[in-house]
Amino acid sequence: MKDEYSDVFGSYRTQLIKVKTAEVANTDLEKYGKALDQAIMKFHTHKMKEINDIIHNLWNKTYQGTDIDKIEIRSENENTKGNRVYNYRVVMVKDEVEMDMRGRCSAGQKVLASIIIRLALAESFGTNCGVLALDEPTTNLDRDNIQALATSLADIINERRSQSNFQLIVITHDEEFLTELGKSGALDYYWRVGRNEHQKSIIERQQLHEH
């Protein structure tokens, strides 16, 4: 019995140190977790404002209608079992009245909003990524909005021309859209993909001429 309890105070001190260390570590981790959550929320708020500012600018420069003043991305967060979940929706604003775009906009407005949101996301998160690709961006757009879209893309090209790795890839069958891009001076030629008399794919460099 005497040997068993000979170092009881030393054993108690060792276990007490372990318990207190664990308590301090848990407290610090809780503080760090809260600080990280606050930093993420602050960053999210900052990026949402930045993205919406870009969207406002592009929409005002591109959309030729008068029924929508601007569009925005709205985010709402929910706490599910301690995890933060964000739900995003696109709204349109006219005379300070806000409505969800889903189910209330035309096919052309939907396409234009989709393109503008993608351009805004690319501008906000991908400035160091030089490749931006658009597949048939003029689908369902009328001529006025196609011309305005070409102007907006030309502005983006001119603004990022100094970026050595920047490439804008546009896949389109709309030659009038290409002509509008050519008029802006943003590009001088394009690559046409077709088939020869043997039904083999060919790629030809074509010059853009103003009409």
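For the numbers below, each heavy atom of this structure counts, side chains included, while hydrogens, waters and symmetry mates do not.
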Checklist entry - Which heavy atom in Pro137 sits nearest to a heavy atom in Leu149, and how many Å separate them? => result O-CD2, 3.9 Å
Item to check | Ser106 side chain vs Gln109 backbone, donor-acceptor pair below 3.5 Å | outcome: yes
Checklist entry - Between Lys70 and Glu72, is there a side-chain N and carboxylate O pair less than 4.0 Å apart? => result yes
Checklist entry - Hey, what do you get for SG (Cys105) to CD1 (Ile71), rounding to the nearest 0.5 Å? => result 9.0 Å
Next on the checklist: Would you say CZ of Arg89 has more than 12 non-hydrogen atoms from neighbouring residues, nucleotides or ligands within 6.0 angstrom?
Outcome noted: yes
Checklist entry - Is the closest side-chain donor-acceptor distance between Lys61 and Thr151 under 3.5 Å? => result no
Checklist entry - Among Thr66, Asp67, Asn60, which residue meets the side chain to side chain donor-acceptor pair (under 3.5 Å) test with Tyr63? => result Asp67
Item to check | With Tyr190, the side chain to side chain contact (heavy atoms under 4.5 Å, CB included) member among Val170, Leu178, Leu181, Thr172 | outcome: Leu178
Checklist entry - So does Arg143 pair up with Glu180, basic N to acidic O under 4.0 Å? => result no
Checklist entry - In this structure, are over 12 heavy atoms from other groups packed under 6.0 Å from Tyr88 atom OH? => result yes
Item to check | Between CG on residue Leu112 and NZ on residue Lys110, distance to nearest 0.5 Å | outcome: 13.0 Å
Checklist entry - If you draw a 6.0 Å radius around CD in Glu176, do more than 12 non-hydrogen atoms from other residues or ligands fall strictly inside? => result no
Next on the checklist: Ring-plane angle category for Trp191 and Tyr189, please: parallel below 30°, perpendicular beyond 60°, tilted otherwise.
Outcome noted: perpendicular
Checklist entry - When clusters are formed by joining ILVMFWY residues with side-chain heavy atoms under 4.5 Å apart, either directly or through shared neighbours, do Val90 and Ile54 land in the same one? => result yes
Next on the checklist: Asn145 vs Asp142, test: side chain to side chain donor-acceptor pair (under 3.5 Å). Steps then yes/no.
Outcome noted: CA-CA 6 Å; Asn145 282 315; Asp142 59 30; 3.2 Å; yes
Item to check | Approximate separation, where rounding is to 0.5 Å, of Lys34 NZ and Glu30 CD | outcome: 4.5 Å
Checklist entry - What pair of heavy atoms forms the shortest contact from Ile51 to Leu121, and how long is it? => result CD1-CD2, 3.7 Å
Next on the checklist: What verdict does the side chain to side chain contact (heavy atoms under 4.5 Å, CB included) test give for Leu119 and Leu132, after you've listed the backbone C-alpha separation in whole Å, the side-chain angles of each residue and the deciding distance to 0.1 Å?
Outcome noted: CA-CA 8 Å; Leu119 290 173; Leu132 179 63; 3.4 Å; yes
Item to check | Of Thr45, Asn52, Asp53, the residue whose pairing with Lys49 passes side chain to side chain donor-acceptor pair (under 3.5 Å) | outcome: Asp53
Checklist entry - What do the steps show when you test Leu168 against Ile156 for side chain to side chain contact (heavy atoms under 4.5 Å, CB included), and what is the final call? => result CA-CA 9 Å; Leu168 174 63; Ile156 291 173; over 6 Å; no
Item to check | CA sep, side-chain torsions, deciding dist, call: Glu175, Arg192, side chain to side chain contact (heavy atoms under 4.5 Å, CB included) | outcome: CA-CA 10 Å; Glu175 295 193 11; Arg192 179 189 293 274; 3.0 Å; yes
Next on the checklist: Please check: side-chain N/O of Asp95 versus main-chain N/O of Val97, any donor-acceptor pairing under 3.5 Å?
Outcome noted: no
Next on the checklist: Within this structure, what is the CE-CD distance for the pair Met92 and Glu98, rounded to the nearest 0.5 Å?
Outcome noted: 10.5 Å
Checklist outcome for this item: Heavy atoms of Trp59 and Asp69 approach each other most closely as CD1-O, 3.6 Å
Next on the checklist: Quick check on Leu16: does its CG atom have over 12 non-hydrogen neighbours (other residues, nucleotides or ligands) under 6.0 Å away?
Outcome noted: yes
Checklist outcome for this item: When every non-hydrogen atom of Ile55 is compared with those of Ala120, the smallest separation belongs to CG1-CB, 3.5 Å
Checklist entry - Nearest 0.5 Å, what's the CD1-OG1 distance between Ile146 and Thr138? => result 4.5 Å
Item to check | Taking every non-hydrogen atom, the tightest pair across Val91 and Met101 | outcome: C-CG, 3.8 Å
Item to check | Exam field: side chain Thr62 to backbone Leu58, donor-acceptor pair closer than 3.5 Å | outcome: yes
Checklist entry - Donor-acceptor pair, Thr21 side chain versus Ile17 backbone, under 3.5 Å? => result yes
Next on the checklist: Let me check something: do Ile73 and Phe125 share a hydrophobic cluster, defined by ILVMFWY side-chain heavy atoms less than 4.5 Å apart, either directly or through other members?
Outcome noted: yes
Item to check | Same apolar cluster: Val93 and Ile117, side chain cutoff 4.5 Å | outcome: no
